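Remarks on the structure that follows.
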Amino acid sequence: MTETVRVRFAPSPTGALHIGGAHTALFNWLWARRMGGSFILRIEDSDRQRSTEAFEKTILSGMRWLGLDWDEGPDCGGDYGPYRQSERLDIYHRYAEELVGRGLAYREGEAIIQHVPQDRTLLFEDIVYGSIEIKSETIKDTVLIKSDGTPTYNFAVVVDDHTMAINYVIRGEDHIINTPKQILVYDALGWEIPHFAHLPMILGEDKKKLSKRQGATSVYDYRDLGYIPEGIFNFLALLGWSAGEDKEIFDRDEATALFDLSKVIKRKAVFDMKKLGFVNQEHLKRLDPARRLELISPFWKDLGLGKGNFDEAYLLRALDLLEGRGQTLKEMAEYSDFFLSFGPVKARYDGKDLSDETRAVLAPFFEALLELETWNHDAMADLARHWAGEQGMKLKDLAMPLRWALTGRKVSPGIFEVAAHLGREEVRHRLRHYGLAG
RNA sequence: GGUCCCAUCGUCUAGUGGCCUAGGACACAGCCCUUUCAAGGCUGCGGCACGGGUUCGAAUCCCGUUGGGACCGCCA
């Protein structure tokens, strides 16, 4: 008979959900889902000065955005609540008093401090790091309850984890050094010690602990940059763990099926934006078209582009023509702007490179193009090839000017596909603007 | 400084004594495809930090050195 896995993610609401926290939450979630256990969300707001309700809200919504749903938490309740430390003060006091009563802790002013034995070797088995031992001499007596009546982190986590029946403590490697202190509390209270699994830290490109000063650090920063939850989830899962069999691109369900805590490695991982971009792009390519359209809309809006009178089929097809171009929604929105409006095209291309001679050479071709009986890619490509052949020109001599006039860029999806999709009248309008058609 | 942890291509990783003249992915370079850029395909560049052991045999085990990181709060 095996115990039901209960894990928790316990952020303190003193900032948005950052990448490191998301990584920890993700691995907890993966383990809970893999083992058919419960994922608990607990808010560690015992630092009343820095904790805010707003931050708590953004952390919760950040997790929802990433698809990390929890079974028990401050918003949905559960059998082990309350789920905010600020609402559990009496519990901490009860246990702290108990230790004082048994002579294992003492008062100093309003504070309660635990006696730390000086002759013990504290040993624990970590699922990721193996056995770790620290001599108790190196630990000073530790404060359990602060003078203001709130519990310290090391005391509160233990009381919470035990009273919430957490049996797997999965958290960042920076907590390894706290673990012995916590074990002392477990021992003093006579509680069973949970399984510990510390996760390698995520480093910035400078190989230092990821911090605010290194640009985007909250998951919402990445969302606003155009990364999608599937991409971030996949990329984060790759840090410290691998699915095996050279499988690097996967969705939530695949990751859940393959995840194993004992396969987590110890080495710290650098957060590499380039790879994030690649992984995100792979998920962008796999996205359901309708959802992709829904997700990209805000980014068009940011560019000042409305969906205007375009129907859904037109927009869907426009994104389809991008064929994997763009690593983020933001890039996709930029790359497709000319489908929504001629405005940005005019803004970046003035046609001044077109001499009268060039216009004279190109105009007849564009006239013929606009007269085409069937308005589609093949007909345009055929015409262009024949025309180029007869005039001793290269296909690109015709394609590039058209590309500039239609998109305002030197790169774009296949230009005849673009022209076909834009429609004959819109193409005529743009060519006329640049004096390339009558 | 003290305590603890880590160490495979630039980066993410596979690898748990022989299958490793170390595999994959990102990035980079080149080629193919081609109306451009992507995408896709192919090729290339590039690594077991160093030194000692143990062993018939070490990327894999042990020791040391070096390098990196984390923590040393009545913050979490």
Side-chain angles (χ1 to χ4, degrees), chain A residues 10-15 21 43-47 49-51 85 108-113 126 128-130 132-135 137-140 142-157 171-181 198 200-203 205 207-209 235 237-249 263 265-279 281-282 285 322-327 331 335 377 380-381 384-385 388 394-404 407 409-419:
Chain A
S12 59
T14 54
I43 299 298
E44 307 215 325
D45 59 349
S46 64
D47 180 350
Q49 301 301 317
R50 299 195 297 144
S51 298
Q85 289 189 332
E108 195 172 284
E110 299 294 305
I112 293 178
I113 301 173
D126 189 281
V128 175
Y129 287 86
I132 291 174
E133 63 167 76
I134 292 181
K135 294 210 174 18
E137 283 75 25
T138 65
I139 303 173
K140 292 179 284 193
T142 51
V143 175
L144 267 22
I145 301 287
K146 297 180 256 178
S147 303
D148 66 359
T150 60
T152 55
Y153 166 75
N154 282 125
F155 183 56
V157 245
R171 79 242 287 200
E173 177 228 31
D174 47 340
H175 285 291
I176 281 186
I177 208 138
N178 284 323
T179 309
K181 289 182 196 170
H198 287 90
M201 310 216 60
I202 297 177
L203 276 23
E205 315 247 344
K207 302 207 174 176
K208 290 255 166 57
K209 187 175 176 179
F235 177 69
L238 251 20
L239 265 26
W241 175 72
S242 69
E245 291 174 12
D246 296 334
K247 188 170 183 57
E248 295 216 290
I249 301 301
K263 290 280 295 282
I265 63 168
K266 309 173 195 175
R267 188 147 128 270
K268 290 174 250 293
V270 173
F271 188 90
D272 180 15
M273 290 289 286
K274 294 238 185 73
K275 183 136 187 184
L276 201 217
F278 166 79
V279 173
Q281 181 172 31
E282 290 302 307
K285 287 194 269 191
L322 252 31
E323 289 186 302
R325 266 166 272 244
Q327 296 198 318
E331 285 181 353
Y335 296 170
H377 167 274
M380 285 187 252
R385 287 210 173 80
K394 294 213 162 116
L395 184 54
K396 70 173 172 185
D397 295 332
L398 265 18
M400 286 312 288
L402 181 60
R403 172 168 288 114
W404 277 107
T407 72
R409 289 197 181 93
K410 69 177 177 199
V411 303
S412 80
I415 199 57
F416 300 123
E417 295 284 11
V418 169

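These figures come from a predicted structure and were not determined experimentally. In what follows, chains carry the letters A, B, and so on, assigned in the order in which the sequence lines appear, proteins first and then strands, with residues in each chain numbered from 1.
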Using a 4.0 Å heavy-atom cut-off across all strands, classify A:K285 as base, sugar-phosphate, or nothing.
-> sugar-phosphate

Quick one: side-chain contact (heavy atoms from CB on, under 4.5 Å) partners of A:E173, sequence neighbours excluded?
-> A:Y129, A:I176, A:M201, A:K268

Using the C1' atom in both, what is the distance from B:rC26 to B:rG46, to the nearest Å?
-> 13 Å

Which atoms of nucleotides 72-76 of chain B (N or O only) lie under 3.5 Å from a protein N or O atom, and what are those distances?
from, atom 1, to, atom 2, distance (Å)
B:rC74, O2, A:S147, N, 2.6
B:rC74, O2, A:S147, OG, 2.8
B:rC74, N3, A:S147, OG, 2.6
B:rC75, OP2, A:K146, NZ, 2.9
B:rC75, O2', A:D47, OD2, 2.8
B:rC75, O2', A:R50, NH2, 3.2
B:rC75, O2, A:R50, NH2, 3.4
B:rA76, OP1, A:S46, OG, 2.9
B:rA76, OP1, A:K146, NZ, 2.8
B:rA76, OP2, A:Y153, N, 3.1
B:rA76, O3', A:E44, O, 3.3
B:rA76, O3', A:E44, OE1, 3.2
B:rA76, O2', A:S12, OG, 3.2

Any idea which of B:rA39, B:rU13, B:rC4 is nearest the A:L239 side chain?
-> B:rU13

Start at the 5' end of RNA chain B and walk down; is the nucleotide closest to A:I176 or to A:E248 reached first?
-> A:I176

With sequence neighbours excluded, what pairs up with A:K135 under the side chain to side chain donor-acceptor pair (under 3.5 Å) test?
-> none

Compute the ring centroids of A:F235 and A:F278, then answer whether they are less than 6.0 Å apart.
-> no

Would you please name every residue forming a side chain to side chain donor-acceptor pair (under 3.5 Å) with A:D47, sequence neighbours left out?
-> A:R50

Quick one: look up who B:rU54 pairs with, Watson-Crick or G-U, both distances under 3.5 Å, and put none if it's unpaired.
-> none

Please identify each residue that fulfils side chain to side chain donor-acceptor pair (under 3.5 Å) with A:T152, with sequence neighbours left out.
-> none

Under the side-chain contact (heavy atoms from CB on, under 4.5 Å) test, residues paired with A:Y153 that sit two or more places apart | A:E44, A:V157, A:R171, A:H175, A:N178, A:Q182

Tell me: CD1 of A:I265 to C1' of B:rU11, nearest whole Å?
-> 12 Å

Can you tell me how far P in B:rA25 sits from the matching atom in B:rC42, rounded to whole Å?
-> 9 Å

A:L276 near the nucleic acid: base, sugar-phosphate alone, or nothing, with a heavy-atom cut-off under 4.0 Å?
-> nothing

Considering only the C1' atoms, how many Å lie between B:rG68 and B:rU21, rounded to the nearest integer?
-> 30 Å

From CG of A:D246 across to C1' of B:rA22 the rounded distance in Å is 13 Å

Sugar-phosphate means primed atoms, P, OP1 and OP2; the rest is base. With that split, encode nucleotides 29-38 of chain B 5' to 3' as B, S or - using protein heavy atoms under 4.0 Å.
-> ------BBBB

Mind calculating the distance between CZ (A:F278) and C1' (B:rU11) to the nearest angstrom?
-> 14 Å

Contacts of type side chain to side chain donor-acceptor pair (under 3.5 Å), residue A:D126, not counting sequence neighbours | A:H198

Go along nucleotides 45-50 of chain B 5' to 3' and tag each nucleotide: B for a protein heavy atom under 4.0 Å from its base, S when only backbone or sugar atoms are that close, - otherwise.
-> ------

Pair partner, B:rC4 [Watson-Crick or wobble, under 3.5 Å] = B:rG69

Can you check nucleotides 66-69 of chain B for protein contacts, nitrogen or oxygen pairs under 3.5 Å, and list what you find?
from, atom 1, to, atom 2, distance (Å)
B:rG68, N2, A:K268, NZ, 3.2

Expressed as a whole number of Å, how far does the C1' atom of B:rC6 sit from that of B:rG18?
-> 27 Å

Does any nucleotide pair with B:rA29 by Watson-Crick or G-U wobble geometry, both distances under 3.5 Å, and what is it?
-> B:rU43

For A:P151, which residues count as a side-chain contact (heavy atoms from CB on, under 4.5 Å) partner, sequence neighbours excluded?
-> A:S46, A:L89, A:Y92, A:I145, A:F155, A:A156

Calculate the interatomic distance between A:K275 atom NZ and B:rG10 atom C1'; express it in whole Å.
-> 13 Å

Flag if over 12 foreign heavy atoms under 6.0 Å of NZ, A:K146 = yes

In whole angstrom, give the distance that lies between atom CG of A:L238 and atom P of B:rA27.
-> 13 Å

A:A381: what forms a side-chain contact (heavy atoms from CB on, under 4.5 Å) with it, not counting sequence neighbours?
-> A:H377, A:R385, A:F416

